[in-house]
Amino acid sequence: CDTEIKLKYDDCGRPISSVCLGTKSLCLSLRLDTDYIDTLVHSSSSKKDIKNKYDSSVSKKSSTVKKDVEIEYNSKKLKADFIRDTIVIDSLEIKKGLFYSVKEGDSDLDKIEGILGLGFASTANQEKNSVMTQLYVNGFFDSKIWTIDLSDKKNGFIRPDKNIDSKSIGTDLELTNNEEGHWLVKIKSLLLGKNIQKDDKIEFDSDSIVKISTSEVKSSINLDI
């Protein structure tokens, strides 16, 4: 499939995607988070001051898989219903998509419409919840390989890749296994300048890793000085 998902940027420069839910297509601007697996939206029963909320009673095909589930986002506890309903991203329709409709709890979601989780799914249950895996299972992606392209200042894209061209920009990085959804990669050193031969650099231990996350704009590393 030559499918791609269009992205825009919010006021803070973070990538967002338009995601529509239910048979009446409530469309939300969801922030991409490569550090989280599940997709989260606000429930209509939530008291949060958010313009667009998901109402399960409006959609004909909505079903509640589990009620009042306790989940976490950024180490803060939330209460949500686990929902099965139609998910449409651009022209890609997942007829039995899975996501959480958040009803209670204070978190980073209080000022945004929701999260589109693109985290690393390491278990069968996590893969079932992952939107990217759901797109693959529904035949929109030919493989589980996909690329986030943020090179354009106005628009970004998520593109499925069947073959990675050796001439393309970038390099292959070995990801570290984890159970919390993080994309992790080992870090060897931090260059304090531009010239590898002349400028100083900080060497890290062999087991040092960094976390990749689209929900953050700036990079940060803890240093013992």
Side-chain angles (χ1 to χ4, degrees), residues 5 7 9-22 24-59 61-89 94 96-135 148 158 178-184 211-218 220:
I5 297 172
L7 304 175
Y9 306 103
D10 64 15
D11 294 337
C12 298
R14 298 180 178 95
I16 57 175
S17 175
S18 177
V19 179
C20 303
L21 305 173
K24 289 196 174 181
S25 294
L26 167 70
C27 295
L28 308 170
S29 294
L30 302 188
R31 180 184 293 171
L32 265 65
D33 193 342
T34 52
D35 196 33
Y36 194 76
I37 296 168
D38 300 310
T39 293
L40 309 178
V41 298
H42 290 275
S43 168
S44 58
S45 64
S46 169
K47 295 180 181 179
K48 301 298 181 185
D49 186 20
I50 301 295
K51 182 180 178 181
N52 294 314
K53 301 178 182 179
Y54 173 77
D55 187 348
S56 59
S57 65
V58 174
S59 179
K61 296 183 179 179
S62 173
S63 63
T64 303
V65 181
K66 289 182 181 178
K67 283 186 69 69
D68 296 333
V69 183
E70 190 175 271
I71 59 175
E72 284 191 5
Y73 183 69
N74 281 355
S75 301
K76 295 180 180 178
K77 293 183 179 181
L78 306 168
K79 184 181 284 186
D81 291 338
F82 192 37
I83 302 292
R84 179 181 285 114
D85 202 349
T86 303
I87 299 176
V88 179
I89 309 176
I94 305 171
K96 295 182 178 181
L98 296 169
F99 57 92
Y100 284 98
S101 179
V102 179
K103 300 191 290 186
E104 297 177 19
D106 295 324
S107 72
D108 298 344
L109 298 175
D110 293 354
K111 296 181 181 180
I112 60 175
E113 294 186 342
I115 292 294
L116 181 63
L118 304 181
F120 177 78
S122 60
T123 67
N125 192 51
Q126 289 174 345
E127 284 203 337
K128 188 173 72 171
N129 296 0
S130 166
V131 168
M132 300 306 284
T133 304
Q134 292 179 58
L135 288 170
I148 299 179
I158 298 176
N178 67 95
E179 297 179 356
E180 298 178 343
H182 312 311
W183 293 102
L184 304 173
K211 183 172 64 176
I212 302 169
S213 179
T214 51
S215 64
E216 301 294 335
V217 178
K218 295 182 179 180
S220 61

Go through the steps for K103 and D68 under the test side chain to side chain contact (heavy atoms under 4.5 Å, CB included), then give the verdict. CA-CA 8 Å; K103 300 191 290 186; D68 296 333; 2.5 Å; yes

So, applying side chain to side chain contact (heavy atoms under 4.5 Å, CB included) with S17, which one of I89, L118, L28 is it? I89

Can you measure from CG (D38) to NZ (K128) and round to the nearest 0.5 angstrom? 11.0 Å

Do V19 and F99 make a side-chain contact, defined as non-hydrogen atoms from C-beta onward lying under 4.5 Å apart? no

Sequence neighbours left out, what passes side chain to side chain contact (heavy atoms under 4.5 Å, CB included) with T86? Give chain and number order. K61, V88, E93

Could you tell me which residues satisfy side chain to side chain contact (heavy atoms under 4.5 Å, CB included) with S44, sequence neighbours excluded, listed by chain and number? D55

Report yes if the side chains of I83 and T64 come closer than 4.5 Å at any heavy-atom pair, otherwise no. yes

If you look only at distance, which donor and acceptor atoms sit under 3.5 Å apart when one is on a side chain in residues 105-112 and the other is two or more places apart or in another chain?
unit_1: D106; atom_1: OD1; unit_2: K48; atom_2: NZ; d: 2.4
unit_1: S107; atom_1: OG; unit_2: L109; atom_2: N; d: 3.1
unit_1: D108; atom_1: OD2; unit_2: N74; atom_2: ND2; d: 2.4

So which heavy atom on D85 is nearest to which on S59, and how close? OD2-OG, 2.8 Å

If every non-hydrogen atom of S101 is compared with every non-hydrogen atom of Y54, which pair is closest and at what distance? OG-CD2, 3.7 Å

Donor-acceptor under 3.5 Å (T34 side chain, T214 main chain): yes

Roughly how far apart are Q134 CD and E127 CD, rounded to 0.5 Å? 11.0 Å

Short question: side chain of Q126, backbone of G181 - any donor-acceptor pair under 3.5 Å? no

Go through the steps to decide whether L32 and I16 satisfy the test side chain to side chain contact (heavy atoms under 4.5 Å, CB included), and finish with yes or no. CA-CA 6 Å; L32 265 65; I16 57 175; 5.6 Å; no

Reported OG-to-CD distance for the pair S43 and E104, which is rounded to 0.5 angstrom: 9.5 Å

Approximate separation, where rounding is to 0.5 Å, of N129 CG and F82 CZ: 4.0 Å

Is I5 close to L135 at the side-chain level, that is, under 4.5 Å between some pair of heavy atoms? yes

Working for side chain to side chain contact (heavy atoms under 4.5 Å, CB included), residues I71 and L40: CA-CA 10 Å; I71 59 175; L40 309 178; 3.6 Å; yes

K53 side chain to S46 backbone, donor-acceptor under 3.5 Å: yes

If the condition is side chain to side chain contact (heavy atoms under 4.5 Å, CB included), which residues does S63 pass it with, not counting sequence neighbours? R84

First locate atom OG of S29, then atom CG of L116, and finally report the distance between them rounded to the nearest 0.5 Å. 11.5 Å

Value rounded to 0.5 Å, distance of OG1 in T39 from CD1 in I115: 9.0 Å

Please identify each residue that fulfils side chain to side chain donor-acceptor pair (under 3.5 Å) with D33, with sequence neighbours left out. Y73

Contact between L7 and I148 at the side-chain level, heavy atoms closer than 4.5 Å - yes or no? yes

Residues at least two apart in sequence or cross-chain that pass disulfide bond (SG atoms under 2.5 Å apart) with C12, listed by chain then number, are none

